[in-house]
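Working notes, structure below.
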Amino acid sequence: MLALADCNNFYASCERLFQPSLRDKPVVVLSNNDGCIIARSNEAKAIGIKMGEPAFKIKHLIKENNIHVFSTNFTLYGDLSKRVMSTLRSEVNRMEVYSIDEAFMSFKDEGRLEEKALMLKQKVAKHVGIPVSIGVAPTKALCKVANHIAKKHTKTGIFLLEDKKLIERALKWFPVEELWGIGRKYVKQLKSIGIHTAWELCQIEDNWIRRNLTIRGLKLVKELKGIPCFSLEETAPRKKNICTARSFGKEIATIQELKEAVSNYAHTCAKKLRKEKSICNKLTLFLSTNAYKPKAKQYYGVKSFTFDTPTSDSMEIVKASLDILKKLYRDDCIYKKAGVIVGDIVPEEQLQLHLFDTIDRNKRKAINQALDNINNHIGKDKVKLAVQGYGRKWRLKQEKLSPCYSTRLDEALTVLV
DNA sequence: TCTGGGGTCCTAGGACCC
DNA sequence: TCTGGGGTCCTAGGACCC
């Protein structure tokens with residue numbers, strides 16, 4: 001048996017954790033640049049705030065209902081996620097961290113599965129303070145179903161889906177659009193042929209599923225029938241691509257400002273590569289104008305570059321990005337977004353040298369290591385490349401940013417006794 | 001009228017996830 | 001005024017090989 005633990009309204013719960021007075025209040029968290037709603041407390045959901053809704057469109061609702069708004073604070077969420085995961089890990093033998101707020105765990109056939117789930121939930125609540133729901137079932141897809149039921153239709157936040165009859169009952173009621181792996185397009189296609197529930201999906205012949213929903217759809221159906229097709233992946237596989245992309249706080253037009261933004265994104269990609277002990281062969285840069293301004297001139301530029309020798313060197317990756325930028329830049333456009341993607345990633349130790357390489361790679365490695373060490377010690381980007389600049393204009397808008405309570409000593413909560 | 005058979009590798013686009 | 005970011009997997013089709 002497997003269990004899926006999923007944090008309830010994770011980002012909203014993180015923000016609330018340090019402001020207990022918001023416990024029963026509507027809370028929302030915004031995306032980067034304070035753009036869209038990406039998390040809602042139950043109270044905010046009840047008011048009718050939708051996921052992904054642009055914040056400016058619901059200003060009136062926020063005001064009328066006194067909804068508490070937060071800018072996204074990934075440092076905080078990342079740290080609390082780690083704490084939730086380590087608490088769960090302390091109680092199970094095998095676990096897969098599936099996302100920032102979800103983990104699959106193996107539950108041995110030791111009976112009393114519900115009690116074990118309840119104990120886990122209570123331990124996380126006590127040690128970290130984040131509410132989780134847990135679904136227990138024989139396959140991952142059924143765990144997703146069980147978790148959904150646990151979250152929406154139980155008081156305990158625990159649901160066990162083991163008994164064949166109970167599984168059938170659940171699937172006959174479970175809407176196809178809530179299934180894991182069934183997105184908007186597939187829902188439309190399925191509904192057009194009269195499939196509305198998970199159970200009905202399971203009645204379709206395999207060939208049709210295979211043809212229309214690909215092999216992944218077929219695996220989903222098998223999992224719903226209790227045949228495991230997705231195994232527990234205990235170690236995260238090496239990333240195949242790493243992307244750093246941002247919309248700018250304000251639109252920018254000059255190549256100088258773009259250079260600053262792009263070199264910062266490129267440097268971030270390089271840092272992420274080094275953290276994973278990976279090197280990349282390929283670099284892609286893209287630039288885009290504001291697609292929400294249809295009257296303005298629209299442009300989307302994208303171009304890739306292949307390194308002769310794979311690298312994770314900040315200087316090399318920044319330089320290559322700026323070379324592409326020069327080629328993509330058009331001075332008759334106003335830009336809203338840019339991004340750097342490094343791909344074709346291999347492990348650092350599999351470095352294939354190039355016969356005519358001109359860079360002293362050992363020296364560069366030492367420089368990058370020193371850079372990372374210093375910045376990890378005394379603060380992000382305290383030492384950086386000059387080209388990264390001090391520009392303010394393109395930086396994120398984060399007007400409602402909460403403190404990094406759990407990762408910065410100077411932002412820790414002050415308690416008056 | 002009618003033109004083989006058996007492969008691999010790469011990429012773009014589309015679907016999905018959180 | 002104002003609309004996120006970061007990923008994966010699958011498939012079809014093209015280019016190429018013998």
Side-chain angles (χ1 to χ4, degrees), chain A residues 4-11 28-39 50-60 62 69-74 77-78 81 96-104 140-141 144 147-148 176-190 209-220 229-230 233 236-251 265 268-269 272-273 276 278 281-282 284 286 288-296 302 304 306 334 336-345 396-400:
Chain A
L4 171 64
D6 188 328
C7 300
N8 302 347
N9 315 323
F10 184 53
Y11 299 165
V28 296
V29 178
L30 304 178
S31 62
N32 273 339
N33 278 316
D34 294 346
C36 298
I37 307 289
I38 56 166
K50 292 204 187 78
M51 184 69 174
E53 187 95 353
F56 73 89
K57 283 191 181 169
I58 52 161
K59 264 192 172 160
H60 61 287
I62 289 172
V69 179
F70 292 92
S71 299
T72 183
N73 182 347
F74 276 109
Y77 313 150
S81 169
E96 170 186 347
V97 176
Y98 176 66
S99 75
I100 193 164
D101 71 332
E102 283 170 87
F104 286 104
K140 280 185 168 181
K144 279 278 187 181
N147 192 285
H148 183 97
V176 78
E177 59 265 37
E178 301 291 345
L179 281 172
W180 189 41
I182 301 296
R184 269 210 318 268
K185 290 277 164 69
Y186 288 168
V187 169
K188 215 175 147 191
Q189 193 179 359
L190 290 169
I209 302 279
R210 174 73 178 76
R211 209 167 45 242
N212 290 282
L213 308 183
T214 80
I215 186 73
R216 292 187 66 85
L218 189 56
K219 285 182 177 174
L220 165 68
C229 294
F230 302 119
E233 310 286 341
R238 186 179 300 273
K239 283 198 171 64
K240 296 177 175 172
N241 292 288
I242 292 174
C243 170
T244 304
R246 295 282 179 282
S247 298
F248 308 130
K250 281 182 181 144
E251 292 177 358
Y265 303 163
T268 302
C269 280
K272 291 178 185 171
L273 275 172
E276 292 234 332
S278 290
N281 281 285
K282 198 175 138 191
T284 304
F286 69 86
S288 90
T289 53
N290 190 345
Y292 292 102
K293 281 189 177 168
K295 283 180 190 162
V302 56
S304 296
T306 303
I334 297 173
K336 179 62 182 172
K337 186 173 179 176
V340 174
I341 304 161
V342 290
D344 211 342
I345 289 174
L396 291 179
K397 192 168 106 186
Q398 289 184 309
E399 287 172 354
K400 317 266 188 185

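Remember, predicted model here, so these are calculated numbers, not experimental data. Each chain gets a letter, A, B and so on, in the order the sequences are listed, and its residues count up from 1.
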Any Ser247(A) side-chain N or O less than 4.0 Å from OP1/OP2 of dG5(C): yes
Touch class at under 4.0 angstrom, heavy-atom based, for Ile100(A) against every strand present: nothing
Nucleotide nearest Pro54(A) when distance is taken to its side chain, options dG6(C), dT8(C), dT3(C): dT3(C)
Touch class at under 4.0 angstrom, heavy-atom based, for Ile58(A) against every strand present: nothing
Touch class at under 4.0 angstrom, heavy-atom based, for Leu30(A) against every strand present: nothing
Nucleotide of dT3(C), dC17(B), dC16(B) approaching Tyr186(A) most closely (side-chain heavy atoms): dC16(B)
Sugar-phosphate only, base, or nothing, as touched by Lys144(A) at under 4.0 Å among non-hydrogen atoms: sugar-phosphate
Distance below 4.0 Å between Arg184(A) side-chain N/O and dG14(B) OP1 or OP2: no
Step-by-step ring-ring contact (aromatic ring centres under 6.0 Å, His included) determination, Phe74(A) to Tyr11(A): CA-CA 9 Å; Phe74(A) 276 109; Tyr11(A) 299 165; 5.5 Å; yes
Euclidean distance, atom CG of residue Leu213(A) to atom C1' of dC9(C) [Å, nearest integer]: 14 Å
Minimum heavy-atom distance Gly217(A)-Ile209(A), with the two atoms named: C-CG2, 3.6 Å
Among dC10(C), dT3(C), dT8(C), the one nearest Ile215(A) by side-chain distance: dC10(C)
Touch class at under 4.0 angstrom, heavy-atom based, for Glu102(A) against every strand present: sugar-phosphate
Atom P, compared across dT3(B) and dC18(C): separation rounded to whole Å: 25 Å
From dG6(C), dA15(B), dG4(C), nucleotide with atom closest to Asn32(A) side chain: dG4(C)
Euclidean distance, atom NZ of residue Lys140(A) to atom C1' of dC9(C) [Å, nearest integer]: 14 Å
Nucleotide nearest Thr244(A) when distance is taken to its side chain, options dC10(C), dC17(B), dG6(C): dG6(C)
Whole-Å distance separating the CD atom of Glu53(A) from the C1' atom of dC2(C): 13 Å
Comparing Glu251(A) and Arg238(A) on DNA chain C - which has the more 5′ nearest nucleotide: Glu251(A)
Least distance between heavy atoms, Glu233(A) atom then Lys140(A) atom: N-NZ, 4.4 Å
Nearest-nucleotide pick for Ile38(A), side chain only, options being dT3(C), dT8(C), dG4(C): dG4(C)
Phosphate OP1/OP2 of dC2(C) contacted by Lys250(A) side-chain N/O (<4.0 Å): no
Which nucleotide in dT1(C), dG6(C), dT3(C) has an atom nearest any side-chain atom of Tyr292(A): dT3(C)
OP1 or OP2 of dT3(C) under 4.0 Å from side-chain N/O of Lys336(A): yes
Among dG6(C), dC9(C), dC18(B), the nucleotide that comes nearest once only the side chain of Lys240(A) is considered: dC9(C)
Separation of dT3(C) P from Leu396(A) CG (nearest whole Å): 12 Å
Sugar-phosphate only, base, or nothing, as touched by Asn33(A) at under 4.0 Å among non-hydrogen atoms: nothing
Touch class at under 4.0 angstrom, heavy-atom based, for Lys397(A) against every strand present: nothing
dT8(C) OP1/OP2 closer than 4.0 Å to side-chain N/O of Arg216(A): no
Short N-O contact, Lys144(A) and Glu102(A), less than 4.0 angstrom: yes
Sugar-phosphate, base or nothing in reach of Arg211(A), heavy atoms under 4.0 Å: nothing
Sugar-phosphate only, base, or nothing, as touched by Thr72(A) at under 4.0 Å among non-hydrogen atoms: nothing
Nucleotide dC18(B), atom P - distance to CZ of Phe74(A) in whole Å: 15 Å
Gap between atoms CD1 and C1', on Ile242(A) and dG5(C) respectively (whole Å): 14 Å
Between P of dC10(C) and CZ of Phe230(A), the distance in whole Å: 9 Å
Minimum heavy-atom distance between Asp34(A) and Ala55(A), given as atom pair plus value: O-CB, 3.9 Å
Sugar-phosphate, base or nothing in reach of Asp101(A), heavy atoms under 4.0 Å: sugar-phosphate
Whole angstrom value for the distance that separates P of dA15(B) from NZ of Lys188(A): 10 Å
Arg210(A) vs Lys59(A), nearer the 5' end of DNA chain C by closest nucleotide: Lys59(A)
Closest non-hydrogen atom pair between Thr306(A) and Lys282(A), with its separation: OG1-CG, 4.4 Å
Nucleotide of dT3(C), dC17(B), dG5(C) approaching Lys337(A) most closely (side-chain heavy atoms): dG5(C)
Parallel, tilted or perpendicular: ring planes of Phe104(A) versus Trp180(A), cut at 30 and 60 degrees: tilted
Side chain of Thr214(A) - closest among dG7(C), dC10(C), dT3(C): dC10(C)
Nearest heavy-atom neighbours spanning Leu220(A) and Ala141(A): CD1-CB, 3.8 Å
